[in-house]
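Heads up: the structure comes next, in structure tokens.
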Number of protein chains: 2
Amino acid sequence: MLIRTPADLGAVIRDRRKRLKLDQSTLAKRIGVSRQWVIDIEHGHPRAELALVLRALDALGIPLDADDQQMTSRGSARSAIDINAIVAKAKKSRT
Amino acid sequence: MLIRTPADLGAVIRDRRKRLKLDQSTLAKRIGVSRQWVIDIEHGHPRAELALVLRALDALGIPLDADDQQMTSRGSARSAIDINAIVAKAKKSRT
DNA sequence: CTTAAATGTCAGCGATCGCTGACATTCCCA
DNA sequence: TGGGAATGTCAGCGATCGCTGACATTTAAG
């Protein structure tokens, strides 16, 4: 599933936990956090600590993949000529 | 790239920023955070806020995918019989 | 070498983290 | 329907967040 918001993450974690038949206390111990933290993250807590989130995903066996390399730029894809670089340079050496 | 640690995330963000020819200040404005935050995250700051991290990835056009559904359990894969459920139940109804 | 941009460091501030422990509520078997 | 497990809520605490602004260092172009 694509993760766009803290709520998305909370849903993934909760679903996974249930699929594994774990209760919040047990999961909390595995991750090394308090039960309160598990409650908060499952509710989409937006300010959770990055490292704890990663540990939670690991404890649940959920790999997290960042599609770097991605061609997001609107317009023509993957050209041999790096337009961005050319424009950036042009802006600077404004003779 | 698989994200396992805050450092992994920092690397992905920095690489992507450079590929897009952005400096830290510009990226910070796009994300809506301070330049200090960008510096910290690129250095692998482990306690960064989840929501800000997600906004950063979005600003950089990096989709984040969580492989739920994954069969992580060691042992035989995807059986029709849910051993975990059976064991969990057995533990409870300890006659 | 000179210079400017980019990056990194530091300190101080208000806000919020995650933790604990007690209690309230909801689920769900038997 | 009764009762225990699971889940959710609250408050108070020390620790750390992310922010600002100034300054130091590194990088890159000329």
Side-chain angles (χ1 to χ4, degrees), chain A residues 3 5-60 82 84-95, chain B residues 3 5-60 82 84-95:
Chain A
I3 305 298
T5 68
D8 291 343
L9 189 88
V12 167
I13 288 179
R14 165 156 286 189
D15 287 356
R16 184 68 178 189
R17 174 175 64 79
K18 295 206 161 172
R19 198 181 296 259
L20 296 180
K21 300 283 189 288
L22 302 176
D23 62 28
Q24 294 173 339
S25 295
T26 306
L27 176 58
K29 275 177 197 162
R30 284 203 193 174
I31 302 174
V33 298
S34 66
R35 187 172 70 91
Q36 185 66 55
W37 188 89
V38 174
I39 292 172
D40 288 344
I41 206 69
E42 291 190 351
H43 286 181
H45 180 39
R47 305 194 48 184
E49 288 185 14
L50 176 58
L52 297 184
V53 168
L54 295 180
R55 262 161 53 193
L57 293 176
D58 186 64
L60 289 168
D82 185 347
N84 281 341
I86 295 174
V87 173
K89 185 138 192 179
K91 275 192 181 169
K92 295 177 66 170
S93 50
R94 185 80 53 123
T95 333
Chain B
I3 305 298
T5 68
D8 291 343
L9 189 87
V12 166
I13 289 180
R14 165 157 286 189
D15 288 357
R16 183 69 176 190
R17 175 175 65 79
K18 293 206 161 171
R19 200 183 294 260
L20 296 179
K21 300 286 189 286
L22 303 175
D23 62 28
Q24 295 173 338
S25 296
T26 306
L27 175 58
K29 276 177 197 163
R30 286 202 192 176
I31 303 174
V33 298
S34 66
R35 187 172 70 89
Q36 185 66 56
W37 188 89
V38 173
I39 291 172
D40 288 343
I41 206 69
E42 290 191 352
H43 286 181
H45 181 40
R47 304 197 47 185
E49 288 185 15
L50 175 59
L52 298 184
V53 168
L54 295 179
R55 262 160 55 191
L57 292 176
D58 185 65
L60 289 167
D82 186 346
N84 281 341
I86 294 174
V87 173
K89 186 140 192 179
K91 275 191 182 171
K92 296 176 66 174
S93 51
R94 182 82 52 129
T95 335

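Note on naming: letters A, B, ... go to the chains in the order of the sequence lines (proteins, then strands), and numbering restarts at 1 for each one.
Picking from D:dA22, D:dG18, C:dT20 the nucleotide with the shortest atom distance to the side chain of B:W37 gives D:dG18. Checking C:dT7, D:dC17, C:dG18 against every side-chain atom of B:E49, the shortest atom distance belongs to D:dC17. Here the side chain of B:H45 is nearest to one of D:dC17, D:dA22, D:dC19, namely D:dC17. Here D:dG8 is the nucleotide among C:dA6, D:dC19, D:dG8 with the atom lying nearest to any side-chain atom of A:R35. In the set D:dC17, D:dT9, D:dT7, the nucleotide with an atom closest to the side chain of B:R47 is D:dC17.
For A:V38 and B:K18, each mapped to the nucleotide of DNA chain C holding its nearest heavy atom, the one lying further toward the 5' end belongs to B:K18. Residue B:R17 is the one, among B:R17 and B:Q36, whose nearest nucleotide of DNA chain C lies closer to the 5' end (criterion: closest heavy atom).
Look at CG on B:D40: it is 10 Å from C1' on C:dG8, rounded to the nearest Å. Rounding to whole angstrom units, NE2 of residue A:H43 and P of C:dT25 are separated by 16 Å. Taking atom CG on B:L27 and atom P on C:dA6, their separation rounds to 13 Å, with Å as the unit. One interatomic measurement links the two molecules: CZ of A:R55 to C1' of C:dG18, which rounds to 11 Å at whole-angstrom precision. Here C:dA22 presents its C1' atom at 13 Å from CD1 of A:I39, a figure rounded to the nearest Å. Atom NZ of A:K21 and atom C1' of D:dA6 are 15 Å apart (whole Å). Atom-to-atom, CG of A:L22 to C1' of D:dA6 comes out at 13 Å; the value is rounded to the nearest Å. Rounded to a whole Å, the CD atom of B:Q24 is 16 Å from the C1' atom of D:dG21.
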Trace of the side chain to side chain contact (heavy atoms under 4.5 Å, CB included) decision for A:L50 with B:H45: CA-CA 8 Å; A:L50 176 58; B:H45 181 40; over 6 Å; no
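Minimum interatomic distance between B:A48 and B:V53 (heavy atoms only, all atoms of both residues): CB-CG2, 4.0 Å. Here the closest heavy-atom approach between residue A:R55 and residue A:G32 is recorded as NH2-O, 3.3 Å. The two residues A:L22 and A:R17 come nearest to each other via the heavy atoms O-NH1, 2.9 Å.
Looking at heavy atoms from C-beta onward, B:V12 lies out of side-chain contact with B:L9 at the 4.5 angstrom threshold.
Between B:R14 and C:dG8 there is a side-chain polar atom (N or O) within less than 4.0 angstrom of OP1 or OP2.
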